[in-house]
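Input: a single structure, listed below in C-alpha cells.
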Amino acid sequence: MTIRPELEAGQEVGPPRAAHPVEPKRTMGRLNRATLGRAGRAALLATGRQPLPDAVEPVVEAHRRHHPQADLALLSRAYRTAEASHRGQKRKSGEPFITHPLAVTMILAQLGAGTTTLVASLLHDTVEDTEVTLDQVAAEYGPEVAYLVDGVTKLEKVDFGAAAEAETFRKMLVATGDDVRVMVIKLADRLHNMRTIRHMKPASRIRIAKVTRDVLIPLAERLGIQVLKAELEDIVFATLHPEEYARTRALVTAHEGSPDALLRPFADALTRQLAESGVTATVTVRPRHCVSLHRVLLKRTAAAGSDGLPQGLQPADFGRLLVVVEENADCYAVLGELHTCWTPLPGEFKDFVAAPKFNLYQSLHTAVALAGGEVVEVLVRTRAMHRVAEFGVVALGDPHQGEPQQGDDLDRTDPARPGWLSRLLEWQQETPDPDTFWSALTADLSDDREITAVTEDGTTLHLPASASCVDAAYLLGEETGHRCLGARVNGRLVALSTTLGDGDVLEVLTEPNGEPSGPSPEWLDHVRTPGARLAIERWLADHPAAAPVVESCRAGSQLQPPAPPASERGESPVAVVGRPGAAVRLARCCTPVPPDEITGYPIRGGAVAVHRTGCPDGEQLRAGGRGAVRISWALGVEPPSGYRVTLRAEALNRPRLLADLTAAMSAEGIGIISAAVEPPQELRVRHTYTIELPAARTLPAVMRAMLRVSGVYDVFRPGFHAGNEDDPVSPGVRPSTGMHGRSAAFTGASGAGVDRGLPG
C-alpha cells in the first residue's frame with residue numbers, strides 16, 4: 001500500500017468558506033446539488049453544529065474508513081485552531097504553512113491512527129512555531145493531546161546549541177516510552193518534509209536525509225510501519241544517490257511498461273490451486289520499491305552467473321507474491337500447497353507466524369522454483385497480520401484509549417513499549433553527554449536486523465544480529481553480566497565472544513553470590529548493544545585495575561625467593577632405612593607430600609633424593625644405575641618450612657581469576673612460591689602453582705578453597721599421565737573430576753566445591 005499525498009505541499013488550501021444564509025423555501029420540481037448543499041449547511045447551523053472546513057474533509061473521509069464513530073467536531077476544532085495559529089506563515093516552498101499539518105494528518109489518517117493522534121498532528125507545530133502555549137493546548141484539548149504535542153516539539157537551539165538535535169531525539173524517545181504515538185507523529189511529520197525536501201538548500205537536504213537514514217528509517221522499521229519506511233527509503237535514496245536512483249527507477253519503469261509474463265501467471269495458477277484445495281485466499285503481486293530492488297540488483301551484480309559474468313535482474317526480482325488468508329491454519333495450508341505443487345528452495349523458508357519479529361511482523365516466507373527455473377518469493381499471512389505488517393503499532397489501536405487490539409493472538413510484543421525501546425531507554429539514561437548519546441543511538445539503530453535467542457529457562461531475548469554472549473548476559477540484567485563466566489550455546493561450551501544466531505538456545509554461566517568479579521576490558525571488543533557497553537565501561541571506571549603484581553606474572557615467575565631444601569632447615573620428614581641422619585631432598589619435579597608413595601635415590605654428597613613412586617625423573621635415575629633406597633615418611637614430623645606442592649587449576653577464563661585464586665590460597669595460611677598461566681584456549685585457561693604447605697593435612701583444604709573460586713572447575717596435582725589419575729586415593733585427598741568427569745556446577749552456594757570433586 002502507498003500512502004496517497006492528497007495534501008502535498010503546493011496544493012491550495014484556503015480558509016473555511018462562510019456559511020450561506022438560509023434561503024426561503026421555493027417550490028421546485030427538482031432540487032439540484034447546489035441547493036441540497038446549501039440546505040445541508042443551513043440545517044447544521046440551525047442545530048448549532050459548525051460545518052466541516054473544506055480543507056479537512058479529505059482527512060475526515062480517510063479517518064471514517066477506519067473509525068466510523070470518530071468525533072469529527074474535535075477534528076474540525078483542532079483544524080480551526082491550527083489554521084488560525086499558522087495564518088500568515090509560509091513554508092519554504094511558498095505554500096501556506098497549514099498545508100504541512102494537514103498533510104501529516106492525512107498520512108496518519110490513511111494509516112488508521114485514532115482521533116486523538118490526528119488532533120495532536122494538526123496541532124503538532126503550534127507550540128513550536130506560534131504563540132500558542134502548551135498550557136493552552138492542554139486546557140482546550142486535554143493533557144493527552146498536550147503530551148503528544150510536547151513530545152514532538154523541538155528543543156530550541158538558543159538553549160541547547162549544537163546539542164539541540166540530539167537532545168530533541170532523546171526527548172522524543174523518552175516520550176515514546178510512555179506513548180508510542182509520539183514517534184508515529186514524528187515519522188509522519190518527517191515523511192511529508194521529505195516529500196518536499198526539494199525546496200531545501202542542498203546542504204540541508206543532505207543533512208536531513210542522513211539523519212532520516214540513520215535514525216528515522218530504523219525507528220519506522222522497529223515500529224513496523226513498513227509503508228512509511230519504504231517511502232522514506234526511496235526519498236533518501238533519491239536525495240543521497242540520485243544517479244543510482246535514476247538508473248533503478250528506469251528499470252522499474254521499463255518493467256512496468258512490459259507485460260508481466262511470470263509473476264501474474266504464477267499468481268493466477270496459485271489462486272486456482274488454492275481454490276481447488278478449498279483454501280480461501282487472495283493472491284496479489286507486490287512490486288518491490290526502488291531501494292528493495294536496488295539491493296537485489298547489488299546482490300545479482302556481486303554474484304557470477306554460469307558464464308562467469310555478473311548477473312542482471314531477473315523478471316521474478318521485480319516483485320513477490322503475497323497470499324492473504326483468513327485463519328492462521330490457512331497459512332500453513334497454503335504453504336503445503338506451494339511446497340507440494342512447486343519445488344521449494346532449501347533454506348528459504350522462515351516462519352514468522354509462530355515466532356514473530358521484534359517489530360510485530362508475522363508472515364510465512366518461502367521461495368519456490370517454477371518449471372523454467374525461475375525462483376519466486378512468496379509471503380503468506382492473515383488479514384490481521386497483513387494490517388500489522390503494513391502499519392505496525394498503528395494497526396494495534398491506541399492502548400491508552402482502551403481500543404481493541406487488532407493483532408493476532410500470537411503477537412508477543414507490547415505495542416505500547418516494545419522491548420527494543422525499553423532497552424534503549426535504559427541505556428540512554430546513562431549517557432548525559434549528547435554526542436555520546438547520538439553515537440550510541442545511531443550505532444544501535446544501524447542494523448535493522450534482530451535475532452531471537454532463548455534461554456534454557458524459556459526467556460526470549462531479542463538482540464541485534466551481531467550480538468555476542470556478553471550482550472545476552474547483560475540483557476538478562478547488569479548483575480548477571482557482571483557475574484558472567486561463560487556460556488553454553490545449543491549445549492556446547494563457547495567463548496563469550498561467540499556471535500549468537502537466530503534461534504540459539506543459550507545458557508549464561510555465572511559465578512556464585514558474593515562480590516562479582518566484573519567484566520574484562522577485552523569484552524568491549526565484542527559487545528554490540530549500547531546497554532552492555534555502557535555497563536562494562538561504568539564497571540571498569542568504578543573498579544580501576546589494581547597494581548599487576550600477581551596478574552602480570554608470567555610462566556615460571558617467582559613470587560618469593562625459593563625456600564631451601566627440607567634437610568637444610570632441620571629435622572627431616574623422611575626416614576632412610578639403615579642410614580639414620582642422612583640428608584634428604586624432596587624432589588621439585590613431583591613435589592611429594594604425605595601420604596604419597598615415595599622412592600629414594602642416592603645423589604652426590606651422600607644425600608637422598610625423594611621422588612613420588614613412578615616419577616619419570618626418578619625412573620631416569622634408576623636407569624642410570626642408581627639403586628633405589630628404602631625410605632618412609634617419618635610419623636609426626638613436619639619440616640620447619642613445610643612441604644612444597646604443585647597444584648594445577650583449570651577454569652573458565654575471566655578477569656581477576658589469578659588474583660582471586662592466589663587470595664584464596666593465601667587465606668589458607670600457605671605461601672605461594674611461583675605461578676604459571678598458560679595462554680587461554682578460547683574460554684578455558686590453566687594455572688599451575690607451586691605452594692609451600694605448613695603441614696600435609698592442609699592440602700585438601702587448599703584444594704577445596706581453590707575449587708570454590710568462581711570459574712574454577714577442576715583442581716588437581718599434576719601427575720605422570722592425563723589429569724591426576726596417579727594421585728593416591730586417601731582419606732586426605734582424592735582425585736577431582738570436574739570437567740574430566742560430570743558437568744561442573746557454575747552457580748549455587750559458595751561451598752559448592754565439595755560437590756565438584758573434593759571430599760567434604
Legend entry - Step-by-step side-chain contact (heavy atoms from CB on, under 4.5 Å) determination, Val505 to Glu456: CA-CA 6 Å; Val505 179; Glu456 290 196 342; 4.1 Å; yes
What's the separation between atom [atom1] in [X] and atom [atom2] in [Y], rounded to the nearest 0.5 Å?
| X | Y | atom1 | atom2 | answer |
| --- | --- | --- | --- | --- |
| His526 | Thr499 | NE2 | OG1 | 9.0 Å |
| Ile217 | Arg222 | CD1 | CZ | 12.5 Å |
| Leu693 | Leu699 | CG | CG | 5.5 Å |
| His687 | Leu661 | NE2 | CG | 6.5 Å |
| Thr176 | Leu219 | OG1 | CG | 8.0 Å |
| Arg708 | Met703 | CZ | CE | 12.5 Å |

Please name the pair of heavy atoms, one in [X] and one in [Y], separated by the smallest distance, quoted to 0.1 Å.
| X | Y | value |
| --- | --- | --- |
| Ala487 | Leu496 | N-CD2, 4.3 Å |
| Ile631 | Thr599 | CD1-C, 3.5 Å |
| Pro519 | Leu540 | O-CD2, 3.8 Å |
| Ala472 | Leu500 | CB-CD1, 3.8 Å |
| Ala705 | Glu668 | CB-OE2, 3.8 Å |
| Tyr713 | Leu652 | CE2-N, 3.9 Å |

Inset, instruction - Using the six-membered ring of Tyr361, assess whether NZ or CZ of Lys357 lies under 6.0 Å from its centre and within 45 degrees of the ring axis. - result: yes
With heavy-atom distances below 4.5 Å as the criterion, would you say the side chains of [X] and [Y] are in contact?
| X | Y | result |
| --- | --- | --- |
| Ile673 | Tyr689 | no |
| Lys350 | Leu364 | no |
| Val610 | Arg585 | no |
| Thr688 | Leu647 | no |
| Tyr474 | Thr480 | no |
| Tyr601 | Glu619 | yes |

Heavy-atom donor-acceptor pair, [X] side chain to [Y] backbone, under 3.5 Å:
| X | Y | answer |
| --- | --- | --- |
| Asp504 | Val489 | no |
| Arg533 | Leu524 | yes |
| Thr498 | Val494 | no |
| Thr459 | Thr455 | no |
| Ser666 | Ala663 | no |
| Thr452 | Gly503 | no |
| Asp471 | Thr529 | yes |

Inset, instruction - Please determine, by modelled atom types, if Arg644 and Thr591 share a side-chain donor-acceptor pair under 3.5 angstrom. - result: no
Inset, instruction - Ignoring hydrogens and angles, state whether a donor on the side chain of Ser468 or Ser497 is under 3.5 Å from an acceptor on the partner side chain. - result: no
Inset, instruction - Applying side-chain contact (heavy atoms from CB on, under 4.5 Å), run through Thr510 and Leu485 and close with a yes or a no. - result: CA-CA 5 Å; Thr510 58; Leu485 297 174; 5.8 Å; no
Inset, instruction - Decide side-chain contact (heavy atoms from CB on, under 4.5 Å) for Glu692 and Tyr643; before the verdict, give the C-alpha distance in whole Å, the side-chain angles of both, and the deciding distance to 0.1 Å. - result: CA-CA 5 Å; Glu692 197 164 66; Tyr643 294 94; over 6 Å; no
Charged N to carboxylate O under 4.0 angstrom, [X] versus [Y]?
| X | Y | value |
| --- | --- | --- |
| Glu478 | Arg538 | yes |
| Arg483 | Glu479 | yes |
| Arg612 | Asp596 | yes |

Inset, instruction - Kindly state whether the ring of His365 and the ring of Phe352 have centres lying under 6.0 angstrom apart. - result: yes
Legend entry - Trp633/Ile598 under side-chain contact (heavy atoms from CB on, under 4.5 Å): CA gap, chis, key distance, verdict: CA-CA 8 Å; Trp633 293 108; Ile598 52 177; 3.5 Å; yes
Inset, instruction - Report the relative orientation of the aromatic rings in His482 and Trp539; use parallel for angles under 30°, tilted for 30 to 60°, perpendicular for over 60°. - result: tilted
